[in-house]
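Below is one structure, written out as structure tokens; the observations come after it.
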Amino acid sequence: MTTTTMAFKPKLWVAGDLNAFFGFGTNILVNLLVVTGLLRGALKMPDELVFGRILPATGVMLCISTLYYAWLGYRLAKKTGRSDVCALPSGISVPHMFVVTFVIMAPILGKTHDPIQAWEAGLTWVCVQSFVLMAGGFFAPFVRRITPRAALLGSLAGISITFIALSPAMQMFQTPVIGLVCFALILASWFGGVRYPGGVPAGLIALLVGSVIAWGSNLFGLNFGGMTSSALVQSFTNFGFSFPIPEVGHVFSGFKFLGVILVTAIPFGIYDLVEAMDNVESASAAGDAFPTTRVLTADGVISLVGCLLGNPFINAIYIGHPGWKAMGGRLGYSAATGIVMLVLCSLGILSTITALVPIISILPILLYIGMLIGSQAFQETPPAHAPAIILALVPQIASWAKSQIDNALGAAGTSAGKLGIETLAQNSVLYDGMSTLGGGATLVGIIIGSITVFMIEQKFMKAAAFALVGAVLTFFGLMHSDAIGFAMTPKVAAAYLFVGVVLVLMARYATVASKPAEVHHPHAMSGEDEGLDSAPVGAV
């Protein structure tokens with residue numbers, strides 16, 4: 001480290017942080033509003049539990065997380081002497097909020113008819129996952145070093161396109177007068193470089209315009225955003241300061257449901273490791289190389305602190321670092337977001353926000369992030385690896401499609417098993433194939449993406465090694481299965497093994513054509529390289 005680098009002091013706040021603050025802040029706000037809806041609606045938890053204990057603990061977890069990653073970004077900026085380092089975005093894991101709600105807490109609630117016991121099961125689930133994350137952080141850097149970037153980013157692109165982008169996009173078209181208008185306002189600023197009057201951030205403009213349209217439509221009896229004055233008045237009853245207290249007893253009480261919890265906690269803990277590793281790789285592709293072990297173990301520690309205070313939702317590194325960096329975010333946006341969310345969660349203000357701002361006006365930001373991360377997979381990898389990216393995202397599509405079918409059948413009071421897998425197949429719904437392909441979709445995408453990359457590169461022994469890993473993971477149910485165990489999908493495991501044998505034979509005996517010279521297409525996600533820092537992007 002040079003003397004100049006040691007003397008360099010990164011700025012804690014720059015103009016672009018306001019852009020990222022409103023964008024990232026509204027992203028976190030959407031997730032908190034969804035969490036609030038799940039707790040109150042799906043789980044029927046009383047407001048005193050939701051606003052008095054759970055959300056304050058969630059706010060503390062979010063604050064610790066965002067402050068820590070801002071500090072980690074500060075260290076990287078100081079170490080490298082760079083002023084463009086962007087802190088990793090973090091918050092409640094979006095897929096997991098639904099898993100812990102509908103796979104863990106809802107069934108326990110159905111059995112016990114006690115929301116407290118359901119909450120305790122959720123706390124124990126996060127506790128188990130936290131230790132998986134902390135332990136896994138030490139071997140994740142090795143996995144990242146040997147895994148092709150196209151496989152990591154391709155699997156991540158599958159998540160961004162399906163579970164991040166599709167739902168907001170469909171909801172936008174359910175209420176297009178608000179959704180599409182707000183989306184256009186955001187794209188015009190973040191992609192088109194439009195500045196709004198007075199430098200007002202585009203995210204704030206979208207919220208204001210969406211709220212005006214929603215409440216204004218009530219005057220004509222249209223009620224576009226579902227806003228009502230009675231719900232707004234009722235929301236004020238949840239105001240009041242609440243600070244979390246240790247809930248260690250409740251965490252240990254949930255261990256009586258350990259059999260149900262372990263079925264999903266361990267595989268989803270591994271999923272968290274892979275997803276976080278993907279997102280660290282995404283940040284590295286955007287120019288910010290964070291230490292993988294420190295990031296992953298921090299996720300585990302922060303999640304553990306949150307659950308010990310009463311939060312049943314796990315912390316995670318978010319998809320989207322390149323997006324916040326491209327719009328000017330550096331260090332301050334992360335810390336400011338955590339502090340604001342702590343205030344909102346501790347004072348019961350989320351209740352009023354839920355009743356005042358239509359969620360549809362916030363959802364376009366999630367679609368924007370999905371667009372950006374999906375495109376990054378192609379921009380930050382060699383063009384020849386594009387087929388591997390497509391293959392890596394396919395399992396996520398299968399997983400998403402299966403979830404839609406399960407939800408639809410559940411709403412009809414039935415299931416695939418009751419209806420009959422063969423009946424579905426006769427109607428061109430290949431449920432069995434979706435279930436197998438989409439089981440452990442993130443790991444599946446990485447494995448088959450890696451095999452494809454190494455085949456493209458004619459490195460057949462490395463491809464064979466990944467096929468062998470795929471066989472082992474599949475045999476134990478970590479891939480192509482909904483549960484861990486022995487010989488969960490033995491035919492698929494055997495198929496990977498046979499593929500490995502074929503690849504070894506290719507490495508030894510096959511005659512291959514020489515590869516054509518690649519055409520270099522320079523792509524970069526950093527603002528400086530793309531000219532976004534100097535473009536009139538305005539504020540979010």
Side-chain angles (χ1 to χ4, degrees), residues 18-19 21-42 44 47 50-51 55 164-192 194-240 337 340-341 343-345 347-371 411 538-540:
L18 187 63
N19 294 354
F21 167 71
F22 277 99
F24 181 54
T26 49
N27 187 357
I28 297 292
L29 181 60
V30 168
N31 294 338
L32 284 173
L33 294 176
V34 171
V35 161
T36 304
L38 291 174
L39 293 171
R40 300 172 78 193
K44 309 298 180 186
D47 281 355
V50 174
F51 294 105
L55 287 179
I164 303 298
L166 275 177
S167 180
M170 290 185 285
Q171 290 179 70
M172 282 164 50
F173 277 88
Q174 286 180 328
T175 313
V177 175
I178 297 176
L180 287 181
V181 169
C182 293
F183 189 48
L185 290 170
I186 287 170
L187 289 189
S189 176
W190 295 352
F191 279 148
V194 172
R195 281 188 182 276
Y196 292 113
V200 179
L204 183 56
I205 289 286
L207 293 181
L208 293 175
V209 171
S211 298
V212 168
I213 294 174
W215 286 99
S217 67
N218 289 354
L219 300 176
F220 302 97
L222 299 174
N223 196 14
F224 284 141
M227 303 289 102
T228 64
S229 56
S230 59
L232 181 59
V233 172
Q234 177 65 27
S235 69
F236 289 105
T237 61
N238 293 313
F239 271 21
T337 298
V340 169
M341 295 307 146
V343 172
L344 294 180
C345 290
L347 299 180
I349 299 174
L350 283 173
S351 177
T352 300
I353 295 176
T354 303
L356 186 62
V357 178
I359 292 181
I360 194 67
S361 65
I362 306 173
L363 293 177
I365 294 173
L366 298 182
L367 179 55
Y368 161 81
I369 293 298
M371 293 165 57
V540 177

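A quick note: this is a predicted structure, and the numbers were derived from the prediction, not measured.
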Give, for atom [atom1] of [X] and atom [atom2] of [Y], the distance between the pair rounded to the nearest 0.5 Å.
X: I205; Y: C182; atom1: CD1; atom2: SG; result: 10.5 Å
X: L344; Y: S351; atom1: CG; atom2: OG; result: 12.0 Å
X: I353; Y: L232; atom1: CD1; atom2: CG; result: 11.5 Å
X: M227; Y: L356; atom1: CE; atom2: CG; result: 8.0 Å
X: N31; Y: M341; atom1: CG; atom2: CE; result: 9.5 Å
X: L350; Y: L32; atom1: CG; atom2: CG; result: 5.5 Å

Would you say the side-chain atoms of [X] pair up with the backbone N or O of [Y], donor to acceptor, closer than 3.5 Å?
X: Y368; Y: F191; result: no
X: S217; Y: F224; result: yes
X: N218; Y: L222; result: no

Can you confirm whether [X] sits close enough to [Y] that some side-chain heavy atom of one is under 4.5 Å from a side-chain heavy atom of the other?
X: I186; Y: L367; result: no
X: F183; Y: L363; result: no
X: T352; Y: F236; result: yes

So, for [X] and [Y], which heavy atoms are closest and what is the spacing to 0.1 Å?
X: L55; Y: C345; answer: O-CB, 3.1 Å
X: T337; Y: F21; answer: OG1-CD1, 3.5 Å
X: A231; Y: A355; answer: O-CB, 3.7 Å
X: P358; Y: G210; answer: CG-O, 3.6 Å
X: S361; Y: L207; answer: OG-CD2, 3.8 Å
X: A188; Y: Y196; answer: CB-OH, 3.7 Å

> Are S167 and Q171 close enough that a side-chain donor and a side-chain acceptor fall under 3.5 Å?
Replying inline: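 Per modelled atom types, S167 and Q171 side chains form a pair under 3.5 Å.
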